[in-house]
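So the structure is just underneath, and the comments pick up after that.
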Amino acid sequence: MYKLIEKRIDRCGFYISEKYVAYIIKSNKSLLIVTNHQNEILFTSEEMRINQFAIIEDLIIYTARESEITKIYDLNTKEEVIVDTYFYGISRYSQYINSFIYYHIFDFVPNNHFLYDLKTNQVISLSIGEIKGGFEINSDTHIVTTKDGWVYSYSKNDFSLLWQKDIGEMTQYNYLFGTIERGNIRDVHEYKDGSIIVLTDIFIMRLNINSGDIIYLQRLPRGLISISIIDNKAYGCYAYSYMEIDLDKGEVINCIRLDKVEYQGEMYDAEMGLNRLHAGYLYHGMRLEGGVFAIGAINIETGIREWVDILGVHSVLNIQFHRDKMYICDTGDNLYIYEKSI
């Protein structure tokens, strides 16, 4: 499977692309560092206290705490542009950037909506109504946002509201001591045939992106925090359960209890958390009894956990892959680098 080849400390906000590796060094004034895959440093921010960044091909966009500007640096030409506006929503997997256009559309700054062309460094003014919530989907035709259990769908043509639904009300569930809790939206995905998939605490639903019509609403046997999609199947794991779902029909194909881990001949209670699908395996962080954290891999063809490796005393925060390497970041700002075994 994979073998640990290196552990690096003090790596926060780690991100890897086909050409670059980026991270923040907290112990060194929270500077942003960008390297190539040979670990040669290509860029170090002059600003301290970097709090968010995104890499789009050769461009790195970043901001600092208590700053009112955004900087855009071209790693190829070495040119830098300073924008006199703070770009909210910049992250490693930002939905606020699509086709080199940044969408500055936030309901907490209602009078300052605009688009920014990252290639030409031009501001495109917008005169639109309120866009509620945070971006979940930013496609060529639609913007889908969520806020407080509501889902909103907007047309990309004129940013008009197509529909809104109180998903939290529709996905209520019984909690402790008989209390009724509103559903929390955990994950949103664009799906085929003009539809979207919405995952809440214990429900999964499919809706028409244009009309909001409900195609199905299915209660799950256990809760999930996220799903990964391949073709018409969704895969996820959380706590003690691994699940496979047919997204065309809204049916649970497989729900397997995986509450035990065998490691070096010993059995441990295990609780699963953050997960990511890659090359036929669902890689996931785990908390083992005694407060030890580990990484595991479930074969999605069989539902069997085939591999486990102990990490340390911090939970898994991020899992990324590049060629024959797997990169795992934890909440202690440690970076574990694994290499695929033959």
Side-chain angles (χ1 to χ4, degrees), residues 1-17 21-24 26 37 39 91-93 186-187 199 222-230 233-244 254-342:
M1 189 66 68
Y2 281 91
K3 180 181 179 181
L4 180 65
I5 60 171
E6 187 178 357
K7 177 184 175 181
R8 299 176 187 171
I9 63 172
D10 200 17
R11 297 291 190 270
C12 176
F14 180 83
Y15 173 73
I16 190 163
S17 70
V21 176
Y23 52 87
I24 295 170
K26 278 189 175 180
H37 287 283
N39 206 29
S91 68
R92 298 183 301 279
Y93 314 105
R186 300 296 190 187
D187 208 1
L199 176 74
R222 298 286 186 273
L224 294 173
I225 56 172
S226 65
I227 53 173
S228 298
I229 297 176
I230 296 182
K233 303 286 181 60
Y235 304 89
C237 62
Y238 181 61
Y240 309 114
S241 299
Y242 161 77
M243 215 173 300
E244 179 183 355
N254 225 343
C255 182
I256 302 173
R257 186 173 178 87
L258 296 174
D259 59 345
K260 301 288 183 182
V261 164
E262 182 177 355
Y263 184 75
Q264 296 184 344
E266 299 288 336
M267 294 298 296
Y268 299 89
D269 292 334
E271 185 174 353
M272 297 178 285
L274 183 140
N275 52 87
R276 184 167 184 189
L277 186 63
H278 176 74
Y281 287 85
L282 190 65
Y283 292 85
H284 55 282
M286 290 182 290
R287 184 185 186 278
L288 307 186
E289 59 180 306
V292 176
F293 291 88
I295 182 76
I298 300 169
N299 186 323
I300 64 171
E301 293 294 326
T302 64
I304 296 173
R305 185 185 288 122
E306 295 185 359
W307 177 75
V308 174
D309 199 37
I310 300 296
L311 296 175
V313 296
H314 299 283
S315 62
V316 172
L317 188 62
N318 191 5
I319 305 171
Q320 297 182 58
F321 296 88
H322 181 259
R323 298 183 183 175
D324 65 339
K325 302 290 195 308
M326 174 173 63
Y327 301 83
I328 299 170
C329 295
D330 68 16
T331 54
D333 297 330
N334 299 299
L335 171 64
Y336 300 86
I337 304 176
Y338 284 79
E339 186 173 63
K340 193 171 182 61
S341 303
I342 299 176

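Values reported hereafter were calculated over all heavy atoms of this structure, with side chains retained and with hydrogens, waters and symmetry mates removed.
- Using modelled atom types, one side-chain atom of D187 and one backbone atom of I227 make a donor-acceptor pair closer than 3.5 Å.
- With 3.5 Å as the limit, one finds no donor-acceptor pair spanning the side chains of D309 and Y336.
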Stepwise side chain to side chain contact (heavy atoms under 4.5 Å, CB included) test for W307 and I295: CA-CA 8 Å; W307 177 75; I295 182 76; 3.7 Å; yes

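- When side chains are defined from C-beta on, M272 does not count as touching Y240, because their heavy atoms never get closer than 4.5 Å.
- By the 4.5 Å heavy-atom criterion applied to side chains, M243 and C255 are counted as neighbours.
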Would you mind writing out the side-chain donor-acceptor pairs for residues 273-288 within the sub-3.5 Å range, not counting sequence neighbours?
residue	atom	partner	partner atom	Å
N275	ND2	C237	O	2.9
N275	ND2	G273	O	3.1
R276	NH1	I319	O	2.9
Y281	OH	E306	OE1	2.8
H284	ND1	L282	O	3.0
H284	ND1	G296	O	3.3
H284	NE2	R305	NE	3.2

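- Contact annotation: the side chain of I9 approaches that of N334 to within less than 4.5 Å [non-hydrogen atoms, C-beta and beyond].
- Put simply, the side chain of R222 does not reach to within 4.5 Å of the side chain of Y238, judged on heavy atoms.
- Heavy atoms only, all atoms of each residue included: L199 and L224 are closest at CD2-O, 3.9 Å.
- Summarising the geometry, atom OH belonging to Y235 is positioned 11.0 Å from atom CD1 belonging to I229; distances are rounded to the nearest 0.5 Å.
- In this structure, CE on M1 lies 7.5 Å from CG on N299, to the nearest 0.5 angstrom.
- Atom OH of Y15 is separated from atom OG of S91 by 10.0 Å, given to the nearest 0.5 angstrom.
- Considering only heavy atoms from C-beta on, I310 comes within 4.5 Å of Y263 through its side chain.
- Interatomic distance, OG of S241 versus CD1 of I256, reported as 10.0 Å (0.5 Å rounding).
- Taking 4.5 Å as the limit, some side-chain heavy atom of V21 sits within range of a side-chain heavy atom of F14.
- Environment of NZ in K325: crowded, with over 12 heavy atoms of neighbouring residues, nucleotides or ligands closer than 6.0 Å.
- With E339 contributing its side chain and I5 its backbone, the two residues share no donor-acceptor pair below 3.5 Å.
- E6 contributes no side-chain N or O that, together with a main-chain N or O of I337, makes up a donor-acceptor pair within less than 3.5 Å.
- For the pair D10 (side chain) and D333 (backbone), a donor-acceptor distance under 3.5 Å is absent.
- Ring geometry for Y2 versus F321: interplanar angle of 30 to 60°, hence tilted.
- Counting heavy atoms from C-beta outward, H322 and H37 have side chains that approach closer than 4.5 Å.
- Here the closest heavy-atom approach between residue I298 and residue Y242 is recorded as CD1-CD1, 3.9 Å.
- Going from atom CD of E289 over to atom CG of D259 covers 11.0 Å, rounded to the nearest 0.5 Å.
- Of all heavy-atom pairs spanning N39 and R8, the tightest one is OD1-NH1, 3.7 Å.
- In this structure, F293 and V316 have side chains that are not in contact, with every pair of non-hydrogen atoms separated by 4.5 Å or more.
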